[in-house]
Amino acid sequence: MTDTLTATTSTNDTRKAELLSKQVKHIDITSFDARPIVDAMADMSFTSRDLGRATKIYNDMLADKDCTVCLVIAGSTSAGGCMDLYAELVRNNMVDVIVATGATIVDMDFFEGLGHKHYQALEVPDDDTLRSLLIDRIYDTYIDEEQLQHVDHTIFEIAETLEPRAYSSRAFIREMGKYLVEHGKKDNSLVKLAYEHDVPIFCPAFVDSSAGFGLVKHQVDAVKAGKPYMVLDAIADFRELTEIKIAAGTTGLLMIGGGVPKNFIQDTVVCAEILGHDDVQVHKYAVQITVADVRDGACSSSTLQEAASWGKVNTGIEQMVFAEAGSVMPLLASDAYHRGLWKDRPVRKWGAMFDK
């Protein structure tokens, strides 16, 4: 029996190694100049022209010294190869605030910050087979579930070190960045760079990620031991992001995907009005890259023109790009990087306004 188990384990290990043999390589927007192709696409039609206009709007955000740029990320582009792209935007002062899904920040970026990798699926066997090998699948991308559990436990360890009180997701993610500075395995981590550059990251649905497992364990263990525990304050998330909107004045949105992060950042205008700031500006600039179908009435697919009816976005400087973001973001970001309008931008450090 022991020999049979050993043989089965060895076979499974070999099969798992075969499936996790080709790492996803994250694109380097500094290594190529996309300006000529974006300029050419702007003179075309359909999605090409939309991308050309969206790229111009993003460059306008960077050129506007009064504009706070908010990067909004939903979906799995970080796992698919855009992770270093987003990190480069932070490194070069091309974004000032980030709103993202928990998966983007925890399961993808923090995951790689700890030294783990994403893998291309060279083949897709049935998903029951993947489950038996502890391999998680995102379309044609693989994640080693055992490595992902390392993230769960690391989040638990971070929570255990904190004073038992309420934290916004921004405050907790800042602790994650601090952890990566001390223990991380990757310099080009969005979480780490955001901590170092004081770019606040908000995850309005933070526990819908590997962070949730670690934080639940922290809470359950504390309750069993009769001890207090730290908690996440979703109201503080909304309040803090609204405070940034009020202080910033002029804002621009670069949105990849939609969902909760998209609605969360747009709602800051309405929240500011509720708080008595009747002079708050709608978001002046807005770009959204998505493949969502506009016919279902969902937030992810709602157009930026529709958002104007809610008093959230300026209809004059907005662009929808209906494309898979991993195929167009490298062009947009490389164009903006090489035009260099970010070089003269003021450094905002919005996270500092919450330091006490």
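The basis for the numbers below is simple: all heavy atoms, side chains too, and nothing from hydrogens, waters or symmetry mates.
Under the side-chain hydrogen bond (donor to acceptor under 3.5 Å, both in side chains) criterion, Asp126 pairs with Thr129, sequence neighbours left out. Applying the salt bridge (charged side-chain N to carboxylate O under 4.0 Å, His left out) rule to Glu18 yields the partners Arg15; only residues at least two apart in sequence or on another chain are considered. For Ala40, the side-chain contact (heavy atoms from CB on, under 4.5 Å) criterion is met by no residue, not counting sequence neighbours. For Glu240, the side-chain contact (heavy atoms from CB on, under 4.5 Å) partners two or more places apart in sequence, or in a different chain, are Ser168, Arg170, Phe202, Phe354. The salt bridge (charged side-chain N to carboxylate O under 4.0 Å, His left out) test applied to Lys186 returns Asp84, Glu112, not counting sequence neighbours.
In this structure the side chain of Val24 never reaches within 4.5 angstrom of the side chain of Lys117, judged on heavy atoms. Val220 places a side-chain heavy atom less than 4.5 Å from the side chain of Lys224. Between Thr55 and Gln319 there is no side-chain heavy-atom pair separated by less than 4.5 Å. You'll find the side chain of Val106 stays beyond 4.5 Å of the side chain of Phe111, heavy atoms only. Looking only at side-chain heavy atoms (C-beta outward), Thr68 and Val97 come within less than 4.5 Å of each other. Annotation: side chain of Asp198 is not in contact with side chain of Trp350 (no heavy-atom distance under 4.5 Å). In this structure, the side chains of Tyr195 and Leu180 stay at 4.5 Å or more apart for every pair of heavy atoms. Side-chain contact between Asp136 and Leu130: absent, with no pair of heavy atoms (C-beta onward) separated by less than 4.5 Å.
Here salt bridge (Lys or Arg N to Asp or Glu O under 4.0 Å) pairs that include residues 148-158, with residues two or more places apart or in two chains, number zero. Sorted by first and then second residue, the pairs that involve residues 158-177 and meet ring pair (Phe, Tyr, Trp, His ring centres under 6.0 Å), not counting sequence neighbours, are Phe172-Phe206. Legend: ring pair (Phe, Tyr, Trp, His ring centres under 6.0 Å) pairs involving residues 226-279, not counting sequence neighbours, sorted by first then second residue: Phe238-Phe264. For residues 19-74, the set of pairs meeting the ring pair (Phe, Tyr, Trp, His ring centres under 6.0 Å) definition, not counting sequence neighbours, is empty. The ring pair (Phe, Tyr, Trp, His ring centres under 6.0 Å) pairs that include a residue from residues 133-153 are His116-His150, where partners are two or more places apart or lie in different chains. For residues 36-51, the salt bridge (Lys or Arg N to Asp or Glu O under 4.0 Å) pairs, not counting sequence neighbours, are Asp39-Arg339.
Environment of CZ in Arg131: sparse, with no more than 12 heavy atoms of neighbouring residues, nucleotides or ligands closer than 6.0 Å. Counting heavy atoms of neighbouring residues, nucleotides and ligands inside a 6.0 Å radius, atom CG of Asp208 does not exceed 12 of them.
Glu163 contributes no side-chain N or O that, together with a main-chain N or O of Arg165, makes up a donor-acceptor pair within less than 3.5 Å. Checked by atom type and distance alone, the side chain of Asp335 never pairs as donor or acceptor with a backbone atom of Leu331 at under 3.5 Å. Remark: side-chain polar atoms of Asp96 are not paired, donor with acceptor, to backbone N or O of Lys349 under 3.5 angstrom.
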Sequence neighbours excluded and cut-off under 3.5 Å, please list the side-chain donor-acceptor pairs for residues 243-261, or say none.
residue	atom	partner	partner atom	Å
Glu243	OE2	Arg239	NH1	3.3
Lys245	NZ	Gly249	O	2.9
Lys245	NZ	Thr251	OG1	2.6
Lys245	NZ	Gln281	O	2.9
Thr250	OG1	Gln281	OE1	3.4
Thr251	OG1	His283	ND1	2.8

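Across Lys16 and Leu134, no two heavy atoms sit closer than the pair NZ-O, 3.5 Å. Across Val99 and Pro204, no two heavy atoms sit closer than the pair CG1-CD, 3.9 Å. In terms of heavy atoms, Val191 sits closest to Ile173 at CG1-O, 4.0 Å. Taking all atoms of both residues into account, the shortest heavy-atom contact from Met108 to Thr104 is CB-O, 3.5 Å. Val280 and Ala272 make their closest contact through CG2-CB, 3.8 Å (heavy atoms, listed as atom of the first residue, atom of the second, distance). Across Ala325 and Pro330, no two heavy atoms sit closer than the pair O-CD, 4.0 Å.
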* Tell me, with the steps shown, if Tyr119 and Asp144 meet side chain to side chain donor-acceptor pair (under 3.5 Å). => CA-CA 9 Å; Tyr119 299 91; Asp144 187 334; over 6 Å; no
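In this model, no donor atom of one side chain and acceptor atom of the other lie less than 3.5 Å apart for Asp109 and Ser78.
Atoms CD1 and CE, from Ile105 and Met176 in turn, are 7.5 Å apart once rounded to the nearest 0.5 Å. In this structure, CE on Met61 lies 11.0 Å from NZ on Lys56, to the nearest 0.5 angstrom. Note that NZ of Lys262 and CD1 of Ile73 are 15.5 Å apart. Values are rounded to the nearest 0.5 Å.
A cation-pi arrangement is present between Lys217 and Phe156, with the terminal nitrogen or guanidinium carbon under 6.0 Å from the aromatic centre and inside a 45° cone about the axis.
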